[in-house]
**Student:** 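Pasting in a structure now, in structure tokens, and then I'll have a few things to ask.
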Amino acid sequence: MKIAKDKVVVLTYELTVEGKLADKATKEQPLDYIHGTHMLIPKFESEIEGKEPGDTFVFTVSPEEGYGTYEPKHCFDIPKDSFEIDGKIREDLLIVGNFIPMLNSSGHVVNGKIVAVKEDAVTMDFNHPMAGKVLNFKGEIVEVRDATEKELREGLHGEYLPQEECGCGCGHHHDHKDGECGCHHDHHEDGECCHHDHHKDGECGCHHDHHKDGECCCHHNEN
């Protein structure tokens, strides 16, 4: 069976950026998704469309085809008192290199990287970690099958089900275990969820999934 719209695809891949392995999906932990539902970078889907189990792929995604060019305007200072919890600034979180989920003016969670900590402000970069990067993918198609009516209706992992607030700030329906939320997104150590929305008026929102180190995979979510 060939990859086409509404087919469930299971695959492995390695993502190399600037000569270094940035992300991967193995046969033990493959990537699975419903093709044609905007879950992956469009270029990724177009490159593997028509392939069958056992086929391999190698292709490159430019910044324009992937996560966009780097925008300096998405790097700006935030008052330090914005990081207060119960009247106390969380200095333990304000470490250069940390990724911290923030709420934008629309109430959406956006993910930013701390690039500098000043006396009264914190400089945060809300560009996607892979903005401006050339992405080199290679991998293999493991399985292709028809999606069931339930999967098309509810999503392969239930992502289309009605959403409700879970307390982690990301607005998704979750099954909580030990205080964590299981929303098919990666989380920071403080339990916050880092699902993102698109840039609006200088605010970040890359709308892509991340790993704990802030690196991206090939996922691309749409509202």
Side-chain angles (χ1 to χ4, degrees), residues 1-75 96-99 110-115 124-145 156-157 159 184-188 194-199 204-222:
M1 182 178 291
K2 295 184 178 182
I3 295 176
K5 183 171 173 55
D6 294 339
K7 304 294 184 184
V8 173
V9 180
V10 181
L11 58 83
T12 66
Y13 73 86
E14 289 186 355
L15 167 60
T16 304
V17 179
E18 297 177 344
K20 297 180 180 180
L21 181 65
D23 192 20
K24 66 179 180 179
T26 64
K27 287 188 176 180
E28 292 72 29
Q29 292 184 307
L31 168 68
D32 58 350
Y33 74 100
I34 300 176
H35 194 78
T37 57
H38 309 291
M39 292 302 292
L40 303 188
I41 297 171
K43 176 67 179 293
F44 194 106
E45 289 202 8
S46 67
E47 286 286 344
I48 66 173
E49 186 156 350
K51 292 188 178 295
E52 301 176 291
D55 287 349
T56 59
F57 56 86
V58 178
F59 60 88
T60 296
V61 178
S62 69
E64 293 77 13
E65 295 168 323
Y67 296 98
T69 57
Y70 185 88
E71 296 286 349
K73 68 181 180 181
H74 296 311
C75 185
V96 173
N98 270 6
F99 285 82
V110 294
N111 200 42
K113 179 182 179 180
I114 296 177
V115 295
M124 297 193 71
D125 187 351
F126 290 100
N127 282 282
H128 188 279
M130 289 297 163
K133 306 290 186 182
V134 175
L135 312 179
N136 303 289
F137 287 100
K138 68 176 181 179
E140 180 180 350
I141 309 302
V142 176
E143 179 184 352
V144 182
R145 64 172 175 83
L156 188 60
H157 299 290
E159 57 268 26
H184 297 292
H185 298 284
D186 295 305
H187 296 72
H188 291 264
C194 54
H195 178 68
H196 313 290
D197 299 291
H198 290 286
H199 291 77
C204 164
C206 52
H207 221 355
H208 300 277
D209 295 321
H210 295 73
H211 293 267
K212 290 183 179 179
D213 57 3
E215 299 290 351
C216 74
C217 65
C218 52
H219 279 78
H220 177 85
N221 294 325
E222 297 283 356

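Just the heavy atoms: all of them, side chains too, but no hydrogens, waters or symmetry mates, feed the values below. For this chain, numbers begin at 1 and follow the sequence in order.
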**Student:** Looking only at non-hydrogen atoms, find the nearest pair between K51 and T56 and report the distance.
**Tutor:**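 What the structure gives for the nearest pair is NZ-O, 3.4 Å.
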
**Student:** Would you name the heavy atoms of M1 and P53 that are closest together and state the gap between them?
**Tutor:**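 It is O-CD, 3.4 Å.
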
**Student:** Got a second to check how far T16's OG1 is from K24's NZ, nearest 0.5 Å?
**Tutor:**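 Those atoms lie 11.0 Å apart.
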
**Student:** Could you state the interatomic distance from CZ (F44) to CD (E65), rounded to the nearest 0.5 Å?
**Tutor:**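 The CD atom of E65 is 13.5 Å from CZ of F44, to the nearest 0.5 Å.
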
**Student:** Just say parallel, tilted or perpendicular for the rings of Y67 and H128, cut-offs at 30° and 60°.
**Tutor:**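 Judged by the thresholds at 30° and 60°, the geometry between Y67 and H128 is parallel.
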
**Student:** Can any side-chain N or O of N127 pair as donor or acceptor with the backbone N or O of Y70 at less than 3.5 Å?
**Tutor:**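 Pair absent, no side-chain N/O of N127 close to backbone of Y70.
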
**Student:** For Q29, is the CD atom crowded, meaning more than 12 foreign heavy atoms sit under 6.0 Å from it?
**Tutor:**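 For Q29, atom CD is not crowded (no more than 12 foreign heavy atoms under 6.0 Å).
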
**Student:** Just so I know, are the side chains of T37 and L156 near enough to count as touching, which here means a heavy-atom distance under 4.5 Å?
**Tutor:**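 When only atoms from C-beta onward are counted, L156 and T37 do not touch, as no gap falls below 4.5 Å.
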
**Student:** Which pair of non-hydrogen atoms, one from L11 and one from A25, has the smallest distance, and what is that distance?
**Tutor:**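 In terms of heavy atoms, the two residues are closest at O-CB, 4.2 Å.
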
**Student:** If you round to the nearest 0.5 Å, how far is CD1 of I48 from NE2 of H35?
**Tutor:**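 Nearest 0.5 Å value for the NE2-CD1 distance: 6.0 Å.
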
**Student:** Has the side chain of K2 got a donor or acceptor atom that lies under 3.5 Å from a matching backbone atom of V144?
**Tutor:**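 Side chain of K2 to backbone of V144, a donor-acceptor pair under 3.5 Å: no, none is there.
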
**Student:** A quick test of your reading: do over 12 heavy atoms of other residues, nucleotides or ligands sit less than 6.0 Å from NZ of K138?
**Tutor:**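 Not buried by this count: 12 neighbours or fewer within 6.0 Å.
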
**Student:** Would you sort out whether K43 and S46 count as a side chain to side chain contact (heavy atoms under 4.5 Å, CB included), showing the intermediate values?
**Tutor:** CA-CA 5 Å; K43 176 67 179 293; S46 67; 4.0 Å; yes

**Student:** Would you name the heavy atoms of E45 and H38 that are closest together and state the gap between them?
**Tutor:**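 Scanning both residues, the minimum pair turns out to be OE2-N, 4.0 Å.
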
**Student:** Please step through side chain to side chain contact (heavy atoms under 4.5 Å, CB included) for the pair L40 and L31, ending with a clear verdict.
**Tutor:** CA-CA 10 Å; L40 303 188; L31 168 68; 4.1 Å; yes

**Student:** Rounded to the nearest 0.5 Å, what's the gap from CZ on F57 to CD1 on I3? Could you check?
**Tutor:**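 Reported value, rounded in 0.5 Å steps: 8.0 Å.
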
**Student:** How close do I34 and D6 get, counting heavy atoms only, and between which atoms?
**Tutor:**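 Heavy atoms of I34 and D6 come nearest at CG2-CA, 3.8 Å.
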
**Student:** What is the distance from atom CG of N136 to atom NZ of K20, rounded to the nearest 0.5 Å?
**Tutor:**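 Answer for the CG-NZ pair, N136 versus K20, is 14.5 Å.
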
**Student:** Given side chain to side chain contact (heavy atoms under 4.5 Å, CB included), test D32 with H157 step by step and report yes or no.
**Tutor:** CA-CA 10 Å; D32 58 350; H157 299 290; 3.1 Å; yes

**Student:** Could you pull out the closest heavy-atom pair between P63 and V134, with the gap in Å?
**Tutor:**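 Of all heavy-atom pairs spanning P63 and V134, the closest is CD-CG2, 4.0 Å.
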
**Student:** Could you tell me the separation between the OG1 atom of T26 and the CD atom of E140, rounded to the nearest 0.5 Å?
**Tutor:**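 It is 12.0 Å, given to the nearest 0.5 Å.
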
